[in-house]
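Side-chain atoms are counted along with the backbone in the values below, which use heavy atoms only and exclude waters and symmetry mates. Just follow the structure's listing: the first ligand is 1, and inside any ligand the first atom is 1.
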Amino acid sequence: MKLLSGNSNRTLARAIADHLDAPLTKAQVKRFADNEVFALIEENVRGEDVFVIQSTSYPANDNLMELLIIIDALVRASARRITAVMPYFGYARQDRKTDGRTPISAKLVANLITRAGADRVLTMDLHAGQIQGFFDIPTDALVATPILAKDIKERFEKANEVMIVSPDVGGVVRARALAKRLDADLAIVDKRRPRAGESEVMNIIGDVEGRRCILFDDIVDSGGTLVNAAKALIDRGAAEVSAYISHGVLSGAAVQRVQDGPLKHLVITDSIEQPDEVLKCGKIVRVSAAPLIGNAIRRIANEESVSTLFD
Ligand code: R5P
């Protein structure tokens with residue numbers, strides 16, 4: 001087994017390598033003067049089972065291109081099997097036509113990764129489970145729920161007394177799974193998006209009065225969904241609101257929004273490398289997905305079942 005990292009999340013790649021007690025394969029992934037990507041694998045990978053760790057997070061296009069070019073280099077170096085390990089799969093939210101004459105970019109990206117030569121995909125908390133079907137190669141989609149649930153149990157004395165809140169109707173299945181795991185109640189925010197990047201709370205389904213609420217979602221991007229939902233919950237009498245989110249996209253003024261808003265704390269995983277602004281924000285806590293991803297890599301390499309890791 002060989003582990004290889006692109007530039008998108010070297011911290012996580014190193015943590016996965018540490019967990020597996022395996023080195024990262026020596027490689028150069030750099031830019032030419034005109035910004036074209038160049039990859040050089042500096043070790044023999046002929047006949048090897050190679051795992052390329054690369055989240056397609058911001059800058060999504062550069063990181064995607066790096067992944068494609070690394071895969072191409074591995075194909076030409078005769079790697080036996082190539083797994084694209086994408087802790088965060090960017091473009092996932094463009095998973096359907098939202099209007100006439102719009103693309104389904106998640107499918108296009110899946111095609112690109114497959115055509116580049118990936119044999120399998122390992123990812124975590126896909127925005128929609130159906131995206132697995134966009135790949136015509138085996139796709140293992142891990143869920144971060146167990147590691148986030150563990151943090152909730154450590155942070156909240158009576159975890160079964162919290163109220164898990166889905167910040168929109170699309171996230172109910174995910175939130176219900178967490179509520180079931182904690183034996184906690186579930187509430188749902190009825191969110192509308194008048195325009196892309198803007199969100200409005202229409203209603204809250206469930207009695208949140210006096211409750212410690214935990215918003216649970218796959219992505220925090222602008223932070224609008226979370227902060228608006230947290231405000232609405234406080235307006236309806238919630239005692240406090242925290243949030244647990246798998247992928248901290250945190251673009252634009254998101255960190256400031258979280259800092260200034262009513263959230264007690266925001267817990268994210270390390271699926272996306274974070275800038276200092278996030279690392280220094282006192283309200284944002286990170287839990288590592290490295291052991292989960294590392295265990296999945298080990299099981300895939302050993303041809304063992306990974307389904308126990310989905311529970
Ligand atoms: C949408 O369906 C996702 O699950 C997230 O709720 C959304 O991407 C969050 O975006 P923002 O933080 O920009 O409101």
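The immediate protein surroundings of ligand 1, defined as residues with any heavy atom under 4.0 Å of it, consist of R93, H127, D168, K191, R193, D217, D218, I219, V220, D221, S222, G223, G224, T225.
A distance-only check finds no donor-acceptor pair linking the side chain of Q28 to the backbone of A39 [under 3.5 Å].
You'll find the side chain of V220 reaches within 4.5 Å of the side chain of L250, heavy atoms only.
More than 12 heavy atoms of other residues, nucleotides or ligands sit less than 6.0 Å from atom CZ of R31.
In this structure N160 satisfies the side-chain contact (heavy atoms from CB on, under 4.5 Å) test together with K158, D183, sequence neighbours excluded.
Remark: aromatic rings of Y58 and Y88 are distant, center separation not under 6.0 Å. For F32 and F38, the ring centers sit closer than 6.0 Å to each other.
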